[in-house]
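Notes for the one structure printed next.
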Amino acid sequence: MIQVSDRSIKLEASWLEQLQAEFSSEYMQALREFLSHEKQQGKVIFPHSSEFFNALNLTPFEQVKVVILGQDPYHGEGQAHGLCFSVPPSIKPPPSLVNIYKELNTDLGIEPAEHGCLISWAQQGVLLLNSVLSVASQQAASHQGQGWESFTDKVIAQLNENTEHIVFILWGSYAQKKGAFIDASRHLVIKSPHPSPLSAYRGFFGQKPFSRSNEYLQAHGKEAINWRLSERLTAEEIFLQARNESLKDS
């Protein structure tokens, strides 16, 4: 258990081993104070604090095969649950995820899911990591520059330095700048424009990140990712089970 604001939050053991020192750093202390102040001001923060580290808790360090790097959590009610680009099964897939599904269909012939919950990807080794792990309701990018970036830089650095043959999918200039130090001789780095409707037309479509990831993983003796998402009812069950786990002891 670690302390982030005024609450103890569970972190998966293999990640805690990699990141333990970060929680006594000056930037993390400043982040705790910032989050505490936000709550004192009556601001609603997404996701719930028990889900800040969902990406890490659902994808242990030694199981990571693919990293998809996002920017901030969704700031609308009920959307964010700790995985970049993902929303609970009851929430309509946001526009960027719709475009991801379009590319998935073009790349692998997989029909778009009826929901936007990507937990099944996470459980197979796809680390769905936002650079910033919290946001104020209806205030996009409101928690940028408060310390989360240093924490997630460390996550990426530990994977880069202490593993081999991971696929890093960097969509958009923000993700590409954040992942600039990844060693392309040890890992596969896939870059393209962001899937947002504002930028996807600039070259996001046609990059085939899903098949390229699987080809690379299999070439290095790893099992491919099954990118086909489960049906909505199954996704609801998986989501609720994950949420119940995240709430334990938090």
Side-chain angles (χ1 to χ4, degrees), residues 1-25 28 31-32 35 45-74 78-91 97 115-135 143 147-160 162-163 166-169 178 223 225-227 229-230 234-250:
M1 301 290 288
I2 55 91
Q3 192 82 15
V4 170
S5 56
D6 57 344
R7 303 184 61 138
S8 293
I9 297 174
K10 182 170 58 178
L11 184 62
E12 193 274 333
S14 66
W15 279 112
L16 187 58
E17 181 179 352
Q18 297 291 327
L19 302 169
Q20 180 74 60
E22 301 305 296
F23 294 101
S24 57
S25 66
M28 187 60 75
L31 176 59
R32 291 186 188 101
L35 292 171
I45 296 174
F46 298 135
H48 187 275
S49 59
S50 66
E51 296 180 313
F52 283 170
F53 300 114
N54 252 6
L56 304 179
N57 289 335
L58 287 168
T59 312
F61 181 82
E62 66 278 0
Q63 295 179 23
V64 176
K65 295 190 284 189
V66 178
V67 178
I68 297 178
L69 187 60
Q71 190 165 346
D72 296 279
Y74 296 120
Q79 291 182 306
H81 67 109
L83 304 181
C84 72
F85 295 107
S86 180
V87 292
S90 59
I91 301 295
L97 185 54
H115 61 86
C117 184
L118 307 181
I119 288 178
S120 66
W121 290 1
Q123 291 175 330
Q124 295 178 72
V126 182
L127 182 65
L128 296 163
L129 181 69
N130 275 315
S131 175
V132 176
L133 303 187
S134 64
V135 69
H143 288 187
W148 281 127
E149 293 93 340
S150 295
F151 179 79
T152 51
D153 277 348
K154 186 66 173 181
V155 170
I156 297 168
Q158 293 297 88
L159 290 168
N160 178 58
N162 299 313
T163 68
I166 287 178
V167 181
F168 289 87
I169 298 177
K178 188 172 180 68
E223 187 175 352
I225 303 297
N226 177 8
W227 296 103
L229 294 167
S230 55
T234 303
E236 284 279 6
E237 293 174 358
I238 295 171
F239 173 78
L240 291 174
Q241 181 179 8
R243 175 155 285 181
N244 289 336
E245 285 295 318
S246 71
L247 289 170
K248 286 181 181 177
D249 303 319
S250 64

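Positions are given from 1, in the same order as the sequence printed here.
Taking the six-membered ring wherever Trp is involved, the centroid distance between the rings of F239 and H81 falls below 6.0 Å.
Within 6.0 Å of CD on Q123 lie more than 12 heavy atoms contributed by other residues, nucleotides or ligands. Residue E62 qualifies as enclosed at atom CD: its count of foreign heavy atoms under 6.0 Å is above 12.
Checked against side-chain contact (heavy atoms from CB on, under 4.5 Å), Q71 has the following partners two or more places apart in sequence or in another chain: Q144, Y174.
To the nearest 0.5 Å, atoms CZ (F61) and CD (E12) are separated by 10.5 Å. Atom CG of L11 is separated from atom CD of E22 by 11.5 Å, given to the nearest 0.5 angstrom. Atom CG of L118 sits about 11.0 Å away from atom CG of L58, to the nearest 0.5 Å.
Side chains of N130 and W148 form no contact here, defined as non-hydrogen atoms less than 4.5 Å apart. The shortest distance between side-chain heavy atoms of F85 and L128 does not fall below 4.5 Å. For the pair K178 and E149, the minimum side-chain heavy-atom distance is below 4.5 Å.
Listed here is the closest heavy atom pair of A80 and P47: O-CB, 3.6 Å. Taking every heavy atom of both residues into account, S134 and P73 meet most closely at N-CG, 3.6 Å. Here the shortest heavy-atom pairing between L129 and T152 reads CD1-CG2, 4.0 Å.
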